[in-house]
Amino acid sequence: MHPNLHRFPGAISSAGAFVLFASTIAALTVSLCCFVRGIALLPQGPAVAIAEVTKSVANSGSLTPQYFHDVRRDAAALGNATHSDVWQDVFALDQHGELRPKHSLLSSLFAVPFYWLFGNAGFWILQQVLFLGLLGSTYTLVKRSTGLALPWSTLVSTLLLTQSIFYCYSFSYDLHGCAVLMGGLCIMSVCPTLGAAIMTLSIFVRPTYILLILPLTFGTMRFDDKKRCGKVALGVGLVLVLFGLFNYYMWGNPLLTAYSRLPGFRNGEMVLSPTSIGFDLSVFLSRWEEKVFSSRGLLPYNLSVVALPLVVVSLWRARDRFRWTCFLSATAYTLYIFSYPMWDTTSNGNRFLMPAIYLYLLCFIPVIGGAELRYLHGESPKKS
């Protein structure tokens, strides 16, 4: 890990203050535009299910809101009337046959105090808090890993011109997972056990984040620092044990998740219809033009990808283990997402790629920032 990652700034810099200010203004502006255009704070789909669980926990302490029973009734009636298979993506069946949350329980629990205090507006407020936390973590990681006095204009433009700005209004659990992952990575440089534990909590949002957590926690460290490795392993291990116990209690097996207990309806009868979250070679090999250029692909909402050759050259010259690990993790996760059969079931950019995009930005921002400094001052970037 880069030596600068062990430093924790005692006070926020002027550039950091400006990033926070600009990010707040951007988030409020986007939110206002969404409100005026009538875009839903809780759009149909997972957002509604997560919000209903939040309300149920806040009001009665139950993980099974009435909404789940209503969906079950309507799906069974539709299947019975049409004599066809009906798929639902709202709830899963626990080991006792009870209806339980399929999506991000962590998001539901995050939102409980905000819902208690602010009602439905609390879901929007939570988005603002986590969005600013995500941008702040990214900014801090870039400053620590490079030690460069990068201009604020570079940081603002690259952080805000990403798809996450479109999720700061509508309730989105992908933003939550990305914020927890990047926040934990940021904290891990100062407090290894706590940071690693926070990072690992993101698997309660999406189990596939384990593909990022393991390389990011251990790949960014020097293995001769046994004390630090032990602290990181402790943080990761504690949460993995918690995750296994949760899965055992809910689904009857520590290795199962809600995706393995997803029910559908056949002629009105409920049957298990597990959703695959694994690698599908045929999906991976197909539709690459869409994966790169469509509105659900890499480029339209993440234009920094066009600088990929410059990023690779910069990484090769710098030989920075931390940034190389972030880059390779982001690349591997992107390829994995494009092997997922439902990779294109998203809007406003590919939300599944959000953590990979921010890990890539940790490598892209130093490149564009160094170029801007050379253009402005005609000199090599200086250490802060």
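None of the values given here were measured: they were computed from a predicted structure.
- Residues L32 and L28 form no side-chain contact, since every pair of their non-hydrogen atoms from C-beta on lies 4.5 Å or further apart.
- Aromatic ring centres of Y67 and F91 lie farther apart than the 6.0 Å criterion allows.
- In this structure, V313 and V367 have side chains that are not in contact, with every pair of non-hydrogen atoms separated by 4.5 Å or more.
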Tell me, with the steps shown, if R296 and S347 meet side chain to side chain donor-acceptor pair (under 3.5 Å).
-> CA-CA 6 Å; R296 298 174 300 279; S347 59; over 6 Å; no
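- Cluster annotation: M342 and Y333 are assigned to the same hydrophobic cluster (Ile/Leu/Val/Met/Phe/Trp/Tyr, side-chain heavy-atom contacts under 4.5 Å, transitive).
- With respect to the salt-bridge test (charged N to carboxylate O, under 4.0 angstrom), the residues D94 and R261 do not qualify.
- Not a single donor-acceptor pair under 3.5 Å links the side chain of Q88 to the backbone N or O of A75.
- Cluster membership check: L335 shares its hydrophobic cluster with V311, using side-chain heavy-atom separations under 4.5 Å among Ile, Leu, Val, Met, Phe, Trp and Tyr.
- A side-chain donor from one of T64 and R100 sits under 3.5 Å from a side-chain acceptor of the other.
- The ring of F171 has its center closer than 6.0 angstrom to the ring center of H176.
- Rounded to the nearest 0.5 angstrom, S164 OG and F131 CZ are separated by 4.5 Å.
- No donor-acceptor distance shorter than 3.5 angstrom exists from the side chain of S56 to the backbone of E52, with no hydrogens or angles considered.
- Proximity of S304 to L361: side-chain heavy atoms (C-beta onward) are separated by under 4.5 Å at one or more points.
- In this structure, T54 contributes its side chain and I50 its backbone to a donor-acceptor pair below 3.5 Å.
- Looking only at side-chain heavy atoms (C-beta outward), R72 and F68 stay at 4.5 Å or farther from each other.
- Taking the six-membered ring for Trp, F204 and F243 have ring centres closer than 6.0 Å.
- Between T193 and V232, every side-chain heavy-atom pair lies at or beyond the 4.5 Å cut-off.
- The line from SG of C168 to CG of L135 is 9.0 Å long, rounded to the nearest 0.5 Å.
- To the nearest 0.5 Å, atom CG of residue L359 and atom CG of residue L353 are 11.5 Å apart.
- Less than 6.0 angstrom separates the ring centroid of Y340 from the ring centroid of F352.
- For the pair V180 and M199, the minimum side-chain heavy-atom distance is 4.5 Å or more.
- Residues L216 and L212 form a side-chain contact, since some pair of their non-hydrogen atoms from C-beta on lies under 4.5 Å apart.
- Between R266 and E269, none of the side-chain N atoms (NZ, or NE/NH1/NH2) sits under 4.0 Å from a carboxylate O, so this pair counts as no salt bridge.
- Around the CZ atom of F21, the shell of radius 6.0 Å holds no more than 12 heavy atoms that belong to other residues, nucleotides or ligands.
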After noting the C-alpha distance and the side-chain angles of L106 and Y173, does the key distance pass the side-chain contact (heavy atoms from CB on, under 4.5 Å) rule?
-> CA-CA 9 Å; L106 191 66; Y173 66 105; over 6 Å; no
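- For the pair I213/S202, a side-chain contact is recorded, criterion being any heavy-atom separation below 4.5 Å from C-beta on.
- Environment of CZ in R37: sparse, with no more than 12 heavy atoms of neighbouring residues, nucleotides or ligands closer than 6.0 Å.
- L238 and L214 are not part of a single hydrophobic cluster, where members link through side-chain heavy atoms under 4.5 Å apart.
- Side-chain contact of W124 with S31: a donor-acceptor pair under 3.5 Å is present, judged by distance alone.
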Take L262 and W87 through the test side-chain contact (heavy atoms from CB on, under 4.5 Å) and record every step on the way to the result.
-> CA-CA 9 Å; L262 192 67; W87 179 78; 4.0 Å; yes
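- Exactly one residue among Y301, Y360, Y358 makes a side chain to side chain donor-acceptor pair (under 3.5 Å) with T162. That residue is Y358.
- When hydrophobic clusters are built by joining Ile, Leu, Val, Met, Phe, Trp and Tyr residues whose side-chain heavy atoms come closer than 4.5 Å, directly or via intermediates, W324 is grouped together with L310.
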Might you work through the side-chain contact (heavy atoms from CB on, under 4.5 Å) test for V190 and R144, ending with a clear yes or no?
-> CA-CA 11 Å; V190 181; R144 291 187 201 164; 3.7 Å; yes
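- The CG atom of N350 lies 8.5 Å from the CG atom of N302; values are rounded to the nearest 0.5 Å.
- Under the 4.5 Å side-chain heavy-atom criterion for grouping Ile, Leu, Val, Met, Phe, Trp and Tyr, I337 is connected to F293 within one hydrophobic cluster.
- Ion pairing between a basic and an acidic side chain is recognised when a charged N comes within 4.0 Å of a carboxylate O; R206 and D174 show such pairing.
- Distance OG1/T24 to CD/Q128: 9.0 Å, rounded to 0.5 Å.
- N59 places a side-chain N or O within 3.5 Å of a backbone atom of K55 that can act as its donor or acceptor partner.
- In this structure, F338 has its ring center at least 6.0 angstrom away from the ring center of F284.
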What do the steps show when you test L105 against F246 for side-chain contact (heavy atoms from CB on, under 4.5 Å), and what is the final call?
-> CA-CA 11 Å; L105 180 59; F246 171 79; 3.6 Å; yes
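- At least one donor-acceptor pair under 3.5 Å links the side chain of T346 to the backbone N or O of G349.
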